[in-house]
Amino acid sequence: MNVIKNKGESLNKIAHRTIFFQPYILCLYATKGMVKMKKRGIIGVAAVLALMLSAGCGGEEGATVSTDGSTSMEKVIGYLSESYMEENPNVKVTYNPTGSGAGIQAVSEGRCDIGLSSRDLKTEEEKDLIGTVVAIDGIAVIVNPENTVSDLSLEQLAKLYTGEITNWSELGGADATVVCIGREAASGTRDGFEAVTDTEDKCVYSQELTSTGDVVQTVASNPNAIGYASAASVKDTVKALTIEGVAPETDKIQSGDYPVQRNFVLVTKKNTEFSKAAQDFFDFATSEAADELIVGAGAVPVKR
Amino acid sequence: MNRKKISNAIEKTMNIIFSLCGIAAVLGVLVITVFLAAKGTPAVKEIGLAEFLFGRVWASTSDNPSYGILPFILTSVYGTLGAIIIGVPIGIMCAIFIGKMAPPRIANAVRASVELLSGIPSVVYGLVGMIIVVPFVREVFNLPDGANLFSAIIVLSVMILPSVISVSETALRAVPKEYEEASLALGATKTETVFRVVVPAAKSGIFTSVVLGVGRAIGEAMAVMMVAGNVANMPKLFGSVRFLTTAVASEMSYSSGLQREALFSIALVLFIFILIINMVLNSIKGGKQ
């Protein structure tokens, strides 16, 4: 806007353009600048543009491993596939975020190599599918360090989030209104939390934030807040509660003692030959080498 | 080879480049319009226009989904109004200070800081809002939680200041010096001159700055998302609310099916709002000519 102002154009013109035609103005000034440049410069710009265009058309044919399913597993599978593709540049790992149910169906119908499910397989599904736990999603329940409450039962947790308990004094804490912090409707962490506490579509939130960092920050700055976040991302600025007396520590999550957790499962079809690339990726994802990546993605690796 | 030929060729090439750039901008607007209209209408048809615009419940991921965006529309309208009520008087007074009152050196310093304010990315406004404004509002009003419509209004009113100030200031400065001199010569004080002569003479420009501020406030997503709480409630000044922009931004990444289509419809509604604002601007322009 300042640029335009200095050119002394009429006000309304500026106002009109600022909303709709800003790119046009920028473009004009950019080209004006170009004219001033030496002619060689223009050719240079053209060459760069041409390079950028041609770079987009590169790539070579190679094997593809297709994965399909849980949106909650996006980060884990993203970390795994990215690292795998770096080491095996000829293989392309694809991910289709459709949801656990759709992913299980896709693999049973042979539409993808590996299905991704953020719940364990049901008995009837296990007839012709194999579920392999690749990582565990441990969800820590966090409060402000000033909060004197340090342990909750699953039932109390559900009551807090559904609005049945609205004051911390009901749980032995200070006389203050409970502020429930959650994640946006499409979040995998929210999906996991509500599934474990059996509060789907019943939660009464004060805030729905779009990232783990925001949740931790908000709980850290509000003494009455309670929130949930993947166990790996809990910092010293907040206090992680014990649930049913168990703290969200890695070994407690791996042993299954910590209740607010669920498995991330790779689903494959029985009696079906895997492509070499798919087998190789599967082996990589379930190997010890993947542990660090899984931690990086905010989940807990399985115990070996 | 003569130089004239070469320079003619360059002239022609540059002409083509200018035209292409012009077309690109228009094309951008066209593509967005067509895309939003095409993507945004199916969901409205499926949900029903009245149900969509006047429904009070938004529960897009529930087993029994409901897609009413009245809470978002009202929140955006109230939030913008609030930001205008707080931001515009401050902005106009600041413009008067820079343009008419302050000695040149101080005016330049203030102007520079206003320009800096306009360059700050909205995520930074959001961060500062989240760390300073939200706890402040909680403490001062003794609320359980400070992330609410009021905090969003405060952040938005600061964010619209640069547009209001710089456009109003230009308008104030465009008022002929003779008006002021005449007023002062008749014995009016400086304050009287500013409010009775200069501001009325510049009112169309000042109004333009207000409409620009509205455009900025209604389109802001990032900063608002970090301070407003984002729960799809009907708006309350001290309640957690979700704006039209944040409704799209917070759910788009994982959405699917009708939910995704409904998000496009929200974007279409937002686009129509901006179109209306643009038409208002055009009519001011037309009125002046």
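Throughout, protein chains are lettered first and strands after them, A, B, ... in sequence-line order, and every chain is numbered starting at 1.
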Under 6.0 Å from the [atom1] atom of [X], do we count more than 12 heavy atoms belonging to anything else shown?
X: B/Phe136; atom1: CZ; value: no
X: B/Lys203; atom1: NZ; value: no
X: B/Glu11; atom1: CD; value: no
X: A/Tyr95; atom1: OH; value: yes
X: A/Glu82; atom1: CD; value: no

Say you draw a straight line from [atom1] of [X] to [atom2] of [Y]; how long is it, rounded to the nearest 0.5 Å?
X: A/Thr218; Y: B/Asp145; atom1: OG1; atom2: CG; value: 8.0 Å
X: B/Thr246; Y: A/Glu184; atom1: OG1; atom2: CD; value: 11.5 Å
X: B/Asn148; Y: A/Gln207; atom1: CG; atom2: CD; value: 9.0 Å

Write down the atom of [X], the atom of [Y], and the distance for their closest heavy-atom approach.
X: A/Ser206; Y: B/Ser240; result: O-OG, 2.6 Å
X: A/Pro223; Y: B/Arg138; result: CD-NH2, 3.3 Å
X: A/Asn222; Y: B/Pro144; result: ND2-O, 2.9 Å

Fill in: chain B contact via A/Ala185 - side chain, backbone, both or neither, heavy atoms under 4.5 Å
both
Worksheet item: Quick one: what part of B/Arg242 sits under 4.5 Å from any heavy atom of chain A, side chain, backbone, both or neither?
Response: side chain
Item to complete: Identify which part of B/Ala147 has an atom lying under 4.5 Å from any heavy atom of chain A, answering side chain, backbone, both or neither.
Response: both
Worksheet item: Given B/Met130 and A/Asp214, is the side-chain contact (heavy atoms from CB on, under 4.5 Å) satisfied, shown in steps?
Response: CA-CA 9 Å; B/Met130 192 170 160; A/Asp214 285 354; 3.7 Å; yes
Worksheet entry | Any donor-acceptor pair under 3.5 Å from B/Ser250 side chain to A/Thr210 backbone | no
